Amino acid sequence: MVLGARHLYSVVVEGSAESEIPHALRFAKQLTVALDGAMLDVQTGRMWSRSRSRAIARPSRKTRVATVDLVWCCLREQVPADAPELVIAAAERHLPEALPRRFGEYEPLQGKYSETGREGFSQAWRAATSPLFFSGSGPCIGGYLGSGPGEQYPDRYWSMSLQLLADPLKEAQWREVVRDLFTALADTLGTFYASAEVIRDNIWSGRSAWSDGRTERVVRTLRHLDGWLGLSPIPPWWSWFGSPYASVAELLPGDRVRPTSKGVFFESAPEPLPRDQLEPLSRWLPADLFARIGPNPGHQQPVPLIRAAVVPKELS
């Protein structure tokens, strides 16, 4: 599959002379190479391509890398019963690298998507009593889906995450397909808020990213015991606002706002930038909607947070 394909050309052989078909195939392949695309022979169903558009430069093991962490926050009661199927469908359409290669509730991940397919992944989610973790393909590292109906002690909230290597997203085509996935899932999962944040100084193991004392601290305002604490005090690269936040998103700069079917997408910068190079959303949105970082002399994780002064009643 070609990254960011936007045009379709058809090559038709008029008449019924089979002798003309090889000439058409030869021309179609030359066109495919010239455009760095892919060719589908609709008669045989065969795909042909030499495109390297989806190839990425993998970091060396034990080097420090930046990641982009995507998180979707939902009320559990609004999460569709077919959430895993929706995630798979969105990945197939926009970003196949986000499809789960392996999945499970603990390491080593036992499920293999190549063996069980969509149905096996969905069944694992429905039976899970804790988050269902999965690994992806570069630039997608992996992520999790909050557990399904099998959860033993469910709370009001549900979330999903996806972690990607940041460097490939410096290319516009990768950013475009990741953004399409980000907004598609926000629109279909019953999301009230979603974000994309750059996290620096992860340690690359060759397959996954690990953290240590040098790794930039992650701040999540949706927590298992505390619930929703408000919008994050850390400036995100991307934000998506659903109900009940979509109305206040109208205060954001219009040239960086894009309406979607169920909410509002906001891009703080054209390329993935870390938090200290981004303007805080509180520059435009009411400050009382944001959680605050509390005292942390012991550098504990998760970072202590003080609940926002105003949390919409639907989320409190």
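Quick note: residue numbers are just sequence positions, from 1. What you see is a predicted model; the values in this text were computed from it and never measured.
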Given the rule in the side chain to side chain contact (heavy atoms under 4.5 Å, CB included) test, do Phe103 and Leu145 qualify, once you have shown the distances and angles that lead to the verdict? CA-CA 10 Å; Phe103 55 87; Leu145 271 69; over 6 Å; no

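- Cys140 and Leu95 make their closest contact through SG-CD2, 3.5 Å (heavy atoms, listed as atom of the first residue, atom of the second, distance).
- Atom CZ of Arg156 has more than 12 heavy atoms from other residues, nucleotides or ligands within 6.0 Å.
- Between Thr129 and Gln152, the side chains place no donor N or O within less than 3.5 Å of an acceptor N or O (distance only, hydrogens not considered).
- A donor-acceptor pair is defined here as one N or O able to donate and one able to accept, closer than 3.5 Å; no such pair exists between the side chain of Asp201 and the backbone of Glu216.
- Between the side chain of Arg256 and the main chain of Ser268, a donor-acceptor pair closer than 3.5 Å is present.
- Put simply, the side chain of Glu250 does not reach to within 4.5 Å of the side chain of Pro259, judged on heavy atoms.
- What you find for Glu97 and Trp174 is that their closest heavy atoms are OE2-CH2, 3.5 Å.
- Thr221 pairs in a side chain to side chain contact (heavy atoms under 4.5 Å, CB included) with only one of the listed residues (Ile234, Asp226, Val71, Leu305), which is Leu305.
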Quick one, Glu151 with Trp158, criterion side chain to side chain contact (heavy atoms under 4.5 Å, CB included). Give me CA distance, side-chain angles, the key distance, then yes/no. CA-CA 11 Å; Glu151 170 64 78; Trp158 186 93; over 6 Å; no

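- The two residues Arg58 and Gly138 come nearest to each other via the heavy atoms NH2-N, 3.4 Å.
- In this structure, Trp238 and Phe182 have tilted ring planes: the angle between them lies in the 30° to 60° band.
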Step by step, would you call Trp72 with Leu162 a side chain to side chain contact (heavy atoms under 4.5 Å, CB included)? CA-CA 9 Å; Trp72 294 263; Leu162 182 64; 4.0 Å; yes

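- Annotation for Arg64: atom CZ counts as buried by contact number, over 12 foreign heavy atoms lying within 6.0 Å.
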Side chain to side chain contact (heavy atoms under 4.5 Å, CB included) between Ile293 and Arg217: does it pass, once the steps are laid out? CA-CA 12 Å; Ile293 296 177; Arg217 293 183 180 273; over 6 Å; no

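- For Arg175 (side chain) and Lys170 (main-chain N/O), a donor-acceptor pair under 3.5 Å exists by modelled atom type.
- The nearest pair of heavy atoms linking Tyr144 to Ser159 is OH-OG, 2.8 Å.
- Taking both residues in full, the closest heavy atoms of Leu229 and Arg223 are given as CD1-CD, 4.2 Å, listed atom of the first, atom of the second, then distance.
- Residues Ser316 and Lys313 share a closest heavy-atom pair of OG-O, 3.2 Å.
- The pair Glu85-Arg118 fails the salt-bridge criterion, with no side-chain N (NZ, NE, NH1 or NH2) lying under 4.0 Å from an Asp/Glu carboxylate O.
- Remark: the Thr191 side chain and the Trp240 side chain contain no N/O donor-acceptor pair separated by less than 3.5 Å.
- Under a 4.5 Å side-chain heavy-atom criterion applied to ILVMFWY residues, the cluster that includes Val218 comprises Ile199 as well.
- Residues Phe241 and Tyr193 place their aromatic rings such that the two centres sit under 6.0 Å apart.
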